[in-house]
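One structure is given below, encoded as structure tokens.
Since this is a predicted model, take the numbers as computed values, not measurements. Note that the numbering runs from 1 along the sequence shown for the chain.
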Amino acid sequence: MQGRFATAAATGLATATAAATGLATATGLAADLGTWRADDRPLAQSLAAAVTSAVIDGRITAGTPLPSERELARLLNISRGTVVAALTQLRDDGWLRTRQGSGSVIRLPPSLTQRTTPWSQDRGGAADADLDLTLAVTAAPHDAYLAALTRAVERSPTLLVDAGTPSPGLPRLRELVAGRYTKAGLPTRTEQILITSGAQAALTLLDDHLHQDRRAPVLIESPTFPGALTILRRRRARLVSIPVTTDAGWDLDRLTQAARTSGSRLCYLIPDFHNPTGAHMSRETRTAIGALAQRHGLTIVADETMRDLDLRVPPQATPHLAGPSVINVGSTSKTVWTGLRVGWIRASAALITELRHNPLQQQLAPPPLEQLIAIELLGEHLDALLADRRGRLREQRDHLASLLTPTGWTAAVPDGGLSLWLHLGPDTTGNALAERAAQRGLAVSPGPQFAADRATLTRYLRLPYTATVESLTRAVRILTEPTTPTAPTEPPTDD
Ligand SMILES: Cc1ncc(COP(=O)(O)O)c(C=O)c1O
């Protein structure tokens, strides 16, 4: 079976199709594996690695039955012993399911489907893989997502009789999102919700619509989410930074002063489990900021993408940052999966109407099928899904914090979010450490990437705890490995 996307392919439907086309699969397999012999490892290992790569990138789908060992050896022009060794490795690693008398079938290993760590962060946990800790993102909740996908497909026929043109969002999804705000204590009508293809799309649209006077600066946090910086920089926004730290939270005095003196009309904040610090805004600060915004004619865009990643036990209800001058932005990216491009804007019904007439809105609306999936995931199943994710993230966060304790670097353990914001002390900089780590196969994000001026926050590093306990252990080992002392070029003298 050729090029299907792995997640969709893992449904029962794909499995049945693959089973029905077993012979075609056998002949296509050799082509699907590509030039796997180029590898300099033993042949059996290379073959096993080629099969896993082909499954991950969707050339071979989960559910595909494998030809017999003899047939495979013939197709690939290798010995049967090599095939047996490769299949044994694949079976041991969970990539094959074998039933007595009915051959072997490709599958995704449960170790991959049951974790929060994206494949590309550690190539599935391979001991020699490079580690990429630059993104604070999770893999999809595999089984829950596939179940939602199946239910969404079952509901999709009614979509097809309509035009499918971009809209403010499917009515049921807008209703569901509005209901979530109302339930959390912020009464919201369906007309106050606009569905977008993620939070960054929402920020792009809001920046375009609200930031008309480009001479007026935008107030942002320092550090802040680099995606927001990219959007603001592209439109050459002048930026004024307000400090935020994990422990002390938002510098209200600086925010008040900036609101009073900078001439700004727009302020971007991440009040819930702020990226990268994990800071969580207190009720008092929320109230104060809501009032401050109104007093100074400042529109606050509150990015609540991280809101559901509350790792406290049990999670505690916090009011939304709210008020007539506050626009709330949300997303399914962190709650569920970044690959599901569904987010939203909550604002006054009048502003939502204006945004609907902005030409960008049509380009930033998600496809209807994605919205159906979001409906399934944000509904009754969400609590169970979140409980599972939070448990894993909590364990990984605590593990990472314990690994860092002996290093002398400090990071307050946040109540939620996806990362630790590590202060490195006077001996090194985030850039130097990131550069050194990169040479040892670990990619990390240094502090300046989170600063508006790219020049401050030099003593910081963001470490996401989305990786597995094993990969986090490897990452900290790499970060703390002593540098090899360079041999002196001249013998030391006595003077
Ligand atoms: C604060 C914040 N907002 C938005 C996003 C991304 O949102 P989306 O994927 O919905 O565009 C991120 C991702 O890291 C984030 O940290």
Side-chain angles (χ1 to χ4, degrees), residues 141 144-145 147-149 151-152 154-156 158-159 166-199 201-203 205-206 270-273 281 283 286 290 300-310 314-324 326-337 340-356 361 364-390 416:
Y145 199 97
L149 182 58
R151 291 194 302 271
E154 283 163 9
R155 282 175 190 264
S156 65
T158 47
L159 288 177
S167 72
L170 294 181
R172 176 81 192 103
L173 182 56
R174 294 174 80 197
E175 220 174 86
L176 203 80
V177 173
R180 278 165 57 82
Y181 280 107
T182 303
K183 197 167 161 213
L186 184 57
T188 303
R189 289 176 289 122
T190 306
E191 310 84 79
Q192 289 179 259
I193 302 294
L194 180 73
I195 303 296
T196 60
S197 55
L203 299 179
L205 184 58
L206 288 170
I270 312 165
D272 302 286
F273 313 117
M281 199 179 273
R283 281 168 190 262
R286 284 169 202 254
I300 306 271
V301 175
D303 182 341
E304 304 176 330
T305 298
M306 298 288 201
R307 186 170 166 87
D308 285 327
L309 297 178
D310 184 345
Q316 291 161 31
T318 317
H320 284 274
L321 178 53
V326 179
I327 297 171
N328 306 78
V329 166
S331 171
T332 52
S333 265
K334 305 294 174 177
T335 313
V336 187
W337 190 39
L340 176 65
R341 300 308 302 155
V342 173
W344 53 85
I345 296 171
R346 180 204 179 272
S348 68
L351 180 60
I352 296 294
T353 306
E354 275 179 38
L355 291 171
R356 285 179 61 182
Q361 189 267 320
L364 297 171
L369 183 59
E370 302 298 292
Q371 298 186 51
L372 281 186
I373 300 170
I375 290 172
E376 294 299 332
L377 287 162
L378 291 179
E380 58 190 292
H381 305 282
L382 185 66
D383 285 347
L385 182 162
L386 278 175
D388 180 68
R389 312 221 101 191
R390 287 177 180 137

4.5 Å side-chain heavy-atom contact, Ile373 and Trp337: no
Flag side-chain contact, heavy atom, 4.5 Å: Leu170 against Ile375: yes
Parallel, tilted or perpendicular, as decided by the 30° and 60° cut-offs, for the rings of His320 and Tyr181: tilted
Steps toward salt bridge (Lys or Arg N to Asp or Glu O under 4.0 Å) verdict (Glu376, Arg155): CA-CA 10 Å; Glu376 294 299 332; Arg155 282 175 190 264; 2.7 Å; yes
Pairwise side-chain contact, Gln361 with Leu364, heavy-atom cut-off 4.5 Å (strictly under): no
4.5 Å side-chain heavy-atom contact, Leu340 and Ser333: no
Partner of Thr188 under side chain to side chain contact (heavy atoms under 4.5 Å, CB included), chosen from Lys183, Glu175, Arg346: Arg346
Residue that, paired with Leu321, satisfies side chain to side chain contact (heavy atoms under 4.5 Å, CB included) out of Asp303, Ile327, Ile300: Ile300
Salt bridge Asp383-Arg390, side-chain N to carboxylate O under 4.0 Å: no
Flag, side chain of Thr305 to backbone of Gly330, donor-acceptor distance under 3.5 Å: no
Side-chain touch Ile195/Pro366, heavy atoms, less than 4.5 angstrom: yes
Atom CZ of Arg151 with >12 non-hydrogen neighbours under 6.0 angstrom: yes
SB check Arg286 Asp272 (cutoff 4.0 Å): yes
Side-chain heavy atoms of Ile193 within contact of Ile345, under 4.5 Å: no
Student check: side-chain heavy atoms of Val177 and Thr190 closer than 4.5 Å: no
